[in-house]
Every structure is written in structure tokens, then in C-alpha cells.
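A short worksheet on the structure shown next.
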Amino acid sequence: MVSSTEYGSHTWDLLLTVDHQHEGVEKEIPLQVTGDLHVGGLMLKLVEKIKIAQDWSDYAFWWEQKKCWLLKTHWTLDKCGVQADAKLIFTTQHKMLRLRLPNMKTVRLKVSFSSMVFKAVSDICKMLNIRRPEELSLLKQSEGTLKKKKKKDKNSKEPVTEDILNLCNSPVSSGLPANPGLYSKTMTPIYDPVSGSPASSTVTWFSDGSTAEQSCSILALSQSPCSPEMLAEMYQPRTLADKAKLNAGWLDSSRSLMEQDVQEEDQLLLRFKYYTFFDLNPKYDAVRINQIYEQARWAILLEEIDCTEEEMLIFAALQAYHVSKLSLSSETQDSTCESEVDEVEAALSNLEVTLEGGNKSNILEDITDIPKLADNLKLVRPKKLALKAIKTYWFVFRDTSISYFKNKESAQGEPIEKLNLKGCEVVPDVNVAAKKFGIKLLIPVADGMNEVYLRCDNEDQYARWMAACVLASKGRTMADSSYQPEVQKILSFLQMKNWTMCSQAASEPENVDMKPECFVSPRYTKKFKSKQLTARILEAHQNVSQMSLVEAKLRFIQAWQSLPEFGLSYYVVRFKGSKKDDVLGVSYNRLIRIDMATGDPITTWRFSNMKQWNVNWEIRQVAIEFDQNVSIAFTCLSADCKIIHEYIGGYIFLSTRSKDHNETLDEELFHKLTGGQE
């Protein structure tokens, strides 16, 4: 028996579990503790009792019942709320994790399971040499997107062996801080801006020797195209509800991996979550550009985003005969002379992929009057019984509004109608081969969206009016410095679509060793025969054959950004007061309510008009207030409402970025905008 003075009335037993690999050593250790013992003291007491000589610096206590880490070592057990029934596991904070990158390669690396996901992603991106880590996050693949794959695997007799790139020896992976040099503004180029291949200095990011160079090459260079059979086995969303499943598994950036039931050696997807690719620079961003390109490529192949036949052939041409072939040859490519580098840099300066509208001119013109457009355009209004009324009017575009008149002479009087485009949806309706240049406008009105179609006569007219409409929808006028770059971007995309069959291209399919089914989505594989697809891809390739590797990838990304559905993440929601489910599209600058059955937009709300948003955590309802006393509320059915809350806050956080500011992330501001108060 132990006397009361020896034992002490305030002392109690605590059973601790130690996560170690030593055989013959007990894993469950009982300790006598007091409530005023701090967490650091408990660690010391435990290590002294274990008597194993090893580095315990990465170990911390994980409280299993409450799913939380005890990281504040100066807190007492009483303050933490730890009592005798607590199950505390003394385990490492950094554990092995498998990450499936956008290029479908799996890397295995050591990641902090105790840091918030936002910080963990930042460390992962430093390891992989991806700048702007705030654009990425980790995604758990939802069960719905794995069903097809599992069904196939059941019938497969041979075990599938996956090629995994092991990066567990890199500095960040070992729990050490990464070299911040890659993030300084004065850094020297670490990639060849023409070939996109890594320079030798980049090797220091990985382990020594040839493995390091191989690691860099795999991340910065495009992968060989997948087989049609492999493509058929992958999950392809058919409806908006299917697309919503793709976005259900985003991890909470304000909590750690362990808190979200992620275990050691689990596999997660590393993806670009926010579609605002800021400050892309071919000198430093070969890995980042390649991974964005790969995410775009798979989104198109798996039909996660819709595109026309014409656009699909452009994407196929850029993949088939440019990116794929140049990627294979760039490994043996020697250093390029300075003049060639300068030419590529000059070409790429017009291709900087930002959603602010490209490079801004340093010399601003003295604009005393806001520019306007005035032209004869065709107005198409949908009628009942599928008939359309097409009539030519004199259109005048001024500020953010379009007015149209009977003819040019009557333009001094009152217009027939004035359309305010602020907050509208602008959808291209183009078929270059058929000389069809249409602009579909979905203008917000009290009871939904008013559809208006404009038809232009030629490419130049279309580019000018389309660019003006896009800017007006964001509340900007043609006086904005991004207007001309937007016009050039549209013309460039139209030029890629504008090809004619030549005798060389016509005769080439017979001599070309190519599987066209690898470069288009299954829908087009079913529509055309292999030879037809090869011929059409070769036609489209004529307009992209002179591009460098990096330029081809940037063009691919730019074409992806031009698609109407680009940047939309879908969720199934139920709006307050509604009796049916709708789909909510979340974009970088707006929210769109979409009819689930037809896919038509119902209403658009711009972030620029948003006054505040909050979440009622008890009923899991998101409430948002906009200008002019507009307020909405909805519950999310396909995912946790925290995901949408974080999306909104995340996009607002990203809109505060500037090239003039220091590149250090304001992590506190991010969590303030996205964290919420549960």
C-alpha cells in the first residue's frame, strides 16, 4: 500500500501510447501525473521512462478522442482538459504521404500531419518547386469517383503496380526548412525558358545524383499520352451533379491532416484549387506551368469541362504534335543561344496567363474620353417553337452598356433598348470554319436571366466586341489597360482555330505513327474514325507547329481559360425558400445559380458586389449579402458548407495579391477570411 502523503490526492494515472519501431520495448507506458504538469514536462517524463536513445524532437501528443494535437507545450494538462481517460499517442508530426499530382504521377514524401493544411501545402510546393502555393490544395477522392475504377479492378487478374516517385530524402520532407532562395525576386533563372528543362541549380532541391535530375524532369516535363483503355477506366462526369462530386473532397485548410482522418501512407490529390494563376514566369515556373497544363489536359480529356469540336481539335494538336514530341526531345536539347531566348521571352510576354488580362502597359495613354464601339450587328432573340428572330441594328457600346438603334442615323435619339452588362454572363458562340461569330449574353433581371445573342461579321469585329463585353461584365470599360490584351488574346485563339486542309496534311496521316484517341475525349473517339481524327488533328496542328514547348503549354492554358466553363467549381445546394435542388458554380469573381436539369444559368452574383458572408454552423447554412439589399442563403448537399465558405474567402484573399508586394504569404489573413467560427 502507498500512503496518501507519498501518493498525493491530486496525482492520477495516465496511460500513454508511444508510436516507435523498437522491438521488445513496451508501447503503452503508464505515468503518474498532476493537473498542473505542462505538456512539455509530460514529454520529458515519458522520454526518461522509455530510456531509448533517439531524436524525439519531431514527436508530439495526439489526443485520439478529441482528434487534436497538444502542440502548446507550455499549457498544463488541466488547461488542455486532459483527464485520466484521455488516450494520448506520442507520435511523429511528419509522416509519409502519397500525393497524386495533376500530371497523374504519384510522389511519396514526408509531410507535417500537425500543421494546418495551408502550411503543409506550402511546404509541399517548396519541395516540388511550385511557386504560389496558395493556388493549390489537397483533395480526397470521393467514393463516387472511384466506383468505376474499382469495378474494373475486380475483373483484372494482374495486379496493378504504380510507378511512385520517392522524395522522402529532400530537405523539406525531412522536416527541415526549405531554402527560401527560390522565392526571392533576384533569383537567377532555374529553368531554360525555351525547353522548360531544369537548370542544374534546381537539383539541390532534391536528393543527390541522377535521381534528383530525374525527379526534376518528371515534374517539369509532360508525360506521354495515356492509352484509350486507361482513359476509358477513369471517372468521367456526365452531369452537373457528377461534376459536383469532383469538388466534394477538398480538405479544410485551417485544420491538420490528422484532424481530417488522413493516415500515414494515404493517397491524396494535389490540385490547383483556385483558378487564378498569378505571375506565371517561364524562367522559374516550368514545374508550375507543366502541372497547370496537365490539370487542364486531363479536365478536357475526361470531359470535366465542355468544349466544342473545333476547340477539342486545337487541344489535341497542341498535345499530339507539339507538347508530347517536344517534351521527348527537350531532354537531349542543349543550351540555347541568347538571341533565341530573347525571341521566346518577347513572344511569351504577350502570353502571360493571368486573369487580370495580361501585362499592363507602363505607358498609359492620355485618355480624356472613354472609348466606344459602334457597328452594325445582328441581334438574335430566341422565340417560342425554336424559331429565332434575326435583325440588323446599329449598336453602340459605351461604358459598360450596349444600346441599339434602328440605324446609324437614328443613333442621336433614344435607343430601342439599353442593355447593362455589369454582372452578366458572356458566352462565346463561335465556329470559325462556318464563319459564325456569335456572343451570347445572359443579363441578370429580376426574375432570372435575359438571353441576348449578338452576331458579328468577322473575326476582328468579334474580338473587339467580345473583349468589351467580357470587361463590362466585370464592371470595367474599354479604357481599362487590359482591353487591348484581351482583344489580342481572342484573336490569337481564333487564329489557332482557323486552319485549312493542305495537300501535305492530307497525305500525312498514312505516314504518321499516332493514336489520335489518346488526345481527344471518348465522345469524339466514338464520333470519328481513327484516320479522320488524325487528319483533322494534323490540320489544326498547322497553326501551332512553330511554337516552342513552353509557349505551346501556355497557349494550351490560355485556350482552356477561354472556355465558358473555365474556373467553375460545382456544388449541389438547396436555396432558402426553394423546393428543389440547384447547382452553385463558384468562380474566381462570382457565384452562379444553375438549373440542375437544363444546365442554364439562373442568376449571377459578383464578389465585387458582396458586402458580407457568414455561416450558421448549427444548420450548416451559408448566408451572403450583396449591394442593393440582395441577400441569399443556401445549404450545401454535395459537400460540407465549409468548403464553399473557404472558396469564397480564398478567392477574395487571392485578389489582394500584387507583384509589388513581398512574396511572403499573409497566412493570418487567409485563415481570417476562410477559417470560419465553428
What pairs with [X] under salt bridge (Lys or Arg N to Asp or Glu O under 4.0 Å), at least two apart in sequence or on another chain?
| X | result |
| --- | --- |
| E26 | none |
| D19 | K95 |
| E668 | none |

Only counting residues at least two apart or in another chain, list the ones meeting side chain to side chain contact (heavy atoms under 4.5 Å, CB included) with E229.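 Once residues adjacent in sequence are excluded, the partners of E229 under the side chain to side chain contact (heavy atoms under 4.5 Å, CB included) criterion are S227.
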
F278 and E134: CA distance, side-chain angles, deciding distance, side chain to side chain contact (heavy atoms under 4.5 Å, CB included) verdict: CA-CA 10 Å; F278 188 70; E134 65 274 16; 5.8 Å; no

Identify the heavy atoms of [X] and [Y] that sit nearest to each other, and give their distance.
| X | Y | value |
| --- | --- | --- |
| L138 | W250 | O-CE3, 3.5 Å |
| L71 | S114 | CD1-O, 3.9 Å |
| S254 | G675 | OG-CA, 3.5 Å |
| A248 | I643 | O-CD1, 3.2 Å |
| S112 | A120 | O-CB, 4.0 Å |
| K49 | P30 | NZ-O, 2.8 Å |

4.5 Å side-chain heavy-atom contact, [X] and [Y]:
| X | Y | result |
| --- | --- | --- |
| S115 | S256 | no |
| I619 | T635 | no |
| V117 | Q260 | yes |
| F607 | L591 | yes |
| F653 | L669 | yes |
| L301 | L231 | yes |
| M96 | R108 | yes |
| L568 | I592 | yes |

Looking only at atom types and distance, does a side-chain atom of [X] sit under 3.5 Å from a main-chain N or O of [Y], one as donor and one as acceptor?
| X | Y | value |
| --- | --- | --- |
| T239 | D242 | yes |
| N616 | V622 | no |
| N290 | A286 | no |
| K642 | R620 | no |
| Y571 | N247 | yes |
| Q291 | N103 | yes |
| K105 | L165 | no |

Geometric class of the F277/Y275 ring pair [parallel <30°, tilted 30-60°, perpendicular >60°]: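 Perpendicular.
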
Apply side chain to side chain contact (heavy atoms under 4.5 Å, CB included) to the pair Y235 and K245, showing each step before the final yes or no. CA-CA 11 Å; Y235 179 76; K245 289 177 187 174; 3.6 Å; yes

Are the aromatic ring centres of [X] and [Y] under 6.0 angstrom apart?
| X | Y | value |
| --- | --- | --- |
| F90 | Y59 | yes |
| F566 | W560 | yes |
| F113 | H94 | no |

State plainly whether the residues [X] and [Y] are in salt-bridge range, i.e. N to O under 4.0 Å.
| X | Y | answer |
| --- | --- | --- |
| D279 | R657 | no |
| K140 | D266 | no |
| K66 | E259 | no |
| E303 | K243 | no |

Taking atom NZ of K672 as the centre, does the number of heavy atoms from other residues, nucleotides or ligands within less than 6.0 Å exceed 12?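 12 or below, so no.
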
Would you indicate whether K67, at its atom NZ, is surrounded by more than 12 heavy atoms from other residues, nucleotides or ligands within a distance under 6.0 Å?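 No, NZ of K67 has 12 or fewer neighbouring heavy atoms, counting only those of other groups under 6.0 Å.
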
Between atom [atom1] of [X] and atom [atom2] of [Y], what is the distance when rounded to the nearest 0.5 Å?
| X | Y | atom1 | atom2 | answer |
| --- | --- | --- | --- | --- |
| E304 | S569 | CD | OG | 10.5 Å |
| I89 | F61 | CD1 | CZ | 11.0 Å |
| S655 | Y274 | OG | OH | 12.0 Å |
| T17 | I29 | OG1 | CD1 | 9.0 Å |
| L269 | R271 | CG | CZ | 4.5 Å |
| L99 | L101 | CG | CG | 6.5 Å |

May I have the step-by-step check of side chain to side chain contact (heavy atoms under 4.5 Å, CB included) for D582 and F575, ending in yes or no? CA-CA 7 Å; D582 286 306; F575 278 88; 3.9 Å; yes

cation_pi(K576, F634) dist<6.0 Å, angle<=45: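 Because its charged atom misses either the 6.0 Å distance or the 45° angle limit, K576 does not stack over F634.
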
Should L665 and F670 be marked as a side chain to side chain contact (heavy atoms under 4.5 Å, CB included) after you check the CA-CA gap, both sets of side-chain angles, and the distance that decides it? CA-CA 9 Å; L665 280 177; F670 177 84; over 6 Å; no

So, [X] and [Y]: side-chain donor and acceptor under 3.5 Å apart, yes or no?
| X | Y | value |
| --- | --- | --- |
| W63 | Q65 | yes |
| Q295 | R297 | no |
| E646 | T674 | no |
| E135 | T276 | no |
| R100 | T106 | yes |

Expected list for residues 72-86: side-chain donor-acceptor pairs under 3.5 angstrom, two or more places apart:
from	atom 1	to	atom 2	distance (Å)
T76	OG1	K79	N	3.1

Just to verify, what does R574 make a side-chain hydrogen bond (donor to acceptor under 3.5 Å, both in side chains) with, not counting sequence neighbours?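 Residues passing side-chain hydrogen bond (donor to acceptor under 3.5 Å, both in side chains) with R574: D581.
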
